[in-house]
There are 2 protein chains.
Amino acid sequence: MSRFGVHPDQSVASMTRAAVAEALADAGLGLDAVQAVYFGNTTQSALEGQLMIGGQIALRRMGLQAVPVFNVENACATGASALHLAIGSVLAGTAAVALAVGVEKMNVGDRARAMAVFDGAYDVSDPDELVRQLDRLGGVTDTAALGDRSIFMDIYAAFARAHMKTFGTTQEQIAAVSAKNHAHAVHNERAHYRTAMTVEDVLRGRELAFPLTVPMCSPLTDGAAAVIVTNREAIPSAAAARAVRVLASSIGTGVDRDLDDYSRHVAKLTADRAYDQAGVGPGDVDVAEVHDATAFGEILQSELLGLCEPGAGGPAASAGETSLGGRIPINPSGGLESKGHPLGATGLGQVYELVTQLRGEAGPRQVDMARIAVAENGGGFFHGEEATAAVTILER
Amino acid sequence: MSRFGVHPDQSVASMTRAAVAEALADAGLGLDAVQAVYFGNTTQSALEGQLMIGGQIALRRMGLQAVPVFNVENACATGASALHLAIGSVLAGTAAVALAVGVEKMNVGDRARAMAVFDGAYDVSDPDELVRQLDRLGGVTDTAALGDRSIFMDIYAAFARAHMKTFGTTQEQIAAVSAKNHAHAVHNERAHYRTAMTVEDVLRGRELAFPLTVPMCSPLTDGAAAVIVTNREAIPSAAAARAVRVLASSIGTGVDRDLDDYSRHVAKLTADRAYDQAGVGPGDVDVAEVHDATAFGEILQSELLGLCEPGAGGPAASAGETSLGGRIPINPSGGLESKGHPLGATGLGQVYELVTQLRGEAGPRQVDMARIAVAENGGGFFHGEEATAAVTILER
């Protein structure tokens with residue numbers, strides 16, 4: 001994983017190469033061992049005009065020899081989708097070694113343009129429908145008033161207000177998630193931001209859409225992350241002791257449901273499937289990276305993953321249950337809010353963190369005795385929920 | 001497969017739904033049987049602003065229930081790439097039934113814009129390199145002089161001239177390919193063009209870049225095609241008699257090579273791998289659909305696939321060997337030149353034709369006793385060759 005941040009000196013190709021080279025070195029494999037590549041990126045097409053074959057272009061100087069490269073996109077769940085397909089090709093036996101790599105260079109040109117591109121993750125053929133969905137949630141109705149923020153912040157804000165109304169979640173609890181994640185990122189040298197913030201600091205931030213302030217929202221980040229997936233036989237003996245086992249990888253697409261019906265939320269359906277596949281339950285999970293594009297997202301997802309009871313996500317954060325040293329540490333990396341959110345890389349960056357944790361190599365942010373880890377990566381918006389949810393379960 | 005053509009009244013979503021509904025009906029399955037979806041599209045992002053989750057949006061009114069949808073892109077080889085991943089998920093056991101669907105609505109707004117988008121399939125970070133590569137092949141050096149044609153026509157023209165120099169291929173032979181494909185398409189009610197042309201008609205067409213005239217080049221086409229992939233157990237008994245077996249699916253990325261080294265061309269490397277996987281050779285092939293984005297492309301690919309000896313592709317077309325009734329019928333559908341080339345749908349449209357042929361349901365364009373069929377789909381450009389080649393082998 002590259003250091004996430006704002007990197008005007010780096011390109012999609014250079015970040016891709018760095019992440020891939022590091023992943024290969026870590027696995028003790030050469031590029032010639034790789035038999036399939038899944039490349040995740042969402043914005044290079046619109047921001048840089050590389051409209052097609054972005055993966056082939058990013059990797060072309062590395063010397064792949066007639067190996068298939070697939071360009072994969074699933075909005076903010078792109079990274080986990082690339083990983084899922086890499087795992088699939090190993091299960092299928094079409095590749096003994098597969099590479100998933102995700103990358104995003106979002107700080108290109110002006111910020112408003114990047115925000116507009118970011119917002120291409122809902123049904124653009126029917127923008128009025130988005131407004132109707134937000135209305136039902138009590139969200140913004142004037143999309144022209146967005147200014148330089150993403151509409152996704154308003155979507156999250158609307159969901160947060162609905163959750164506050166249903167469960168009594170407070171703005172202070174949401175701020176506690178952000179403060180916790182900022183505290184975690186201080187110990188992560190690859191994080192975009194490494195500045196500790198108190199709950200009060202977070203609440204004092206500029207309000208984007210009530211209850212969300214700027215520090216509760218993920219920034220525009222450049223970065224890349226890569227994961228090597230192999231079958232058991234293809235693991236070099238020198239790397240075997242540090243290999244991590246994939247117990248489950250499950251992906252689902254959002255369904256039509258009542259907005260307050262959390263039992264049919266795609267993240268819950270997908271997580272349930274992943275737990276079944278892995279043969280473990282939420283109570284077995286030692287550490288999780290979840291998709292906190294906003295701090296409220298972490299509260300919602302921690303409940304949908306069963307790590308907290310419905311409505312208990314906010315109080316759990318305030319009580320320190322989800323902090324390092326707590327009952328179930330969430331986002332020890334600093335999460336999307338503080339580690340950063342380079343869309344195509346995000347899901348793979350979560351796995352990078354969990355692999356580091358399961359290996360016991362996370363240094364000052366190490367979760368004690370981490371054996372089972374869960375990553376949850378979400379992307380896009382429709383039917384009043386995320387369009388894609390991805391859950392990956394790993395075991396030391 | 002939808003009828004390919006210019007369809008101002010159709011959207012990406014409506015064409016997708018039509019192709020998927022027809023494929024499901026043909027297989028005797030409901031959408032609830034589908035466990036994974038691979039959606040191929042290349043231009044909707046740039047042409048319509050649906051920058052992300054295009055597949056989820058196109059399918060959302062159909063009622064998928066938490067099934068994964070993956071957006072896949074590999075330039076003009078997108079359709080075969082989606083199919084490869086659908087096959088992979090069935091092999092992996094993660095889906096008993098998978099759906100590959102490809103779609104393109106290229107006739108959106110002005111033609112020059114569509115052409116510019118089409119041309120986003122080479123390394124846009126280094127346009128001078130493209131000119132250098134074309135120079136080596138004796139191609140255009142003034143990309144500003146392209147007018148309303150795609151740079152890919154100039155790329156194909158440069159390759160054609162190199163082939164003419166090496167093997168003595170003639171413009172008349174290239175025209176014979178186009179005339180043959182136009183003749184085939186007369187019998188295909190789903191083809192974009194159904195007008196017979198003689199070799200003389202083709203040669204009289206407006207010259208885009210010597211030796212290519214307009215009728216030798218694929219048009220801007222709207223269309224969709226879908227394929228259902230299952231394991232043996234998931235085939236409904238009523239559909240079993242018409243099911244077609246996948247013998248091989250191989251995809252490769254272009255390699256650095258000398259431009260006249262056809263032995264290391266990615267299409268040849270990929271085809272060799274596919275034949276190995278299928279346990280058949282080029283001599284066993286009864287019918288082929290190959291990527292004739294230009295008529296010269298068919299000549300080149302027929303040689304790389306081993307259907308003709310190196311340099312023999314042009315004479316074979318002139319002698320009628322690749323026509324219906326000939327030694328090895330190629331592009332009985334009319335090919336990209338006449339059936340049309342809706343990028344994301346093209347590779348799946350090839351498979352639609354071959355499945356129809358293997359079932360013996362192709363009517364007046366039926367290839368006698370067709371038992372083994374090969375599809376070749378290529379996309380993008382770098383290293384002086386196509387960036388991606390895909391070869392699929394099917395058996396009745």
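Just so we're on the same page: letters track the sequence lines, and every chain starts at 1.
With 3.5 Å as the limit, one finds no donor-acceptor pair spanning the side chains of Q50(A) and N41(A). Q277(B) and S250(B) share no donor-acceptor pair across their side chains, judged by distance under 3.5 Å alone. Using a 3.5 Å distance cut-off with no hydrogens or angles, the side chains of Q56(B) and N74(A) do pair a donor with an acceptor.
Ion pairing between a basic and an acidic side chain is recognised when a charged N comes within 4.0 Å of a carboxylate O; D128(A) and R132(A) show no such pairing. One finds a salt bridge joining R257(A) and E385(A) here, because a Lys/Arg side-chain nitrogen approaches an Asp/Glu carboxylate oxygen to under 4.0 Å.
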Are F70(A) and H84(B) close enough, and set up right, to give a ring-ring contact (aromatic ring centres under 6.0 Å, His included), and what steps lead you there? CA-CA 10 Å; F70(A) 300 92; H84(B) 183 89; 5.5 Å; yes
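Of the residues considered (A46(A), S11(A), G49(A)), G49(A) shows the highest number of contacts with chain B, using heavy-atom pairs under 4.5 Å. Between chain B and the options V255(A), V124(A), T253(A), V12(A), heavy-atom pairs under 4.5 Å are most frequent for T253(A). Annotation: maximal heavy-atom pairing with chain B below 4.5 Å, among L269(A), V266(A), T94(A), V67(A), occurs at V67(A). Contact count versus chain B (heavy atoms, under 4.5 Å) is highest, among S81(A), G380(A), G54(A), for S81(A). Considering only heavy-atom pairs separated by less than 4.5 Å from chain A, the leading option among V72(B), V69(B), T43(B), L59(B) is V69(B). Options L64(B), T42(B), V90(B) differ in how many heavy-atom pairs under 4.5 Å they form with chain A, and the most are formed by T42(B). Counting heavy-atom pairs under 4.5 Å between each of V37(A), L91(A), N71(A) and chain B puts N71(A) at the top.
If you measure heavy-atom distances from Y38(B) to chain A, the contacts under 4.5 Å come from the side chain alone. For chain B, the nearby part of L343(A) is the side chain; its heavy atoms alone come within less than 4.5 Å. Within the 4.5 angstrom heavy-atom criterion, only backbone atoms of E48(B) (N, CA, C, O) approach chain A. Interface residue S45(A): only side-chain heavy atoms are found under 4.5 Å from chain B.
The two residues H291(A) and Q301(A) come nearest to each other via the heavy atoms O-CG, 4.5 Å.
The backbone N or O of H7(A) sits less than 3.5 Å from a side-chain atom of K105(A), completing a donor-acceptor pair.
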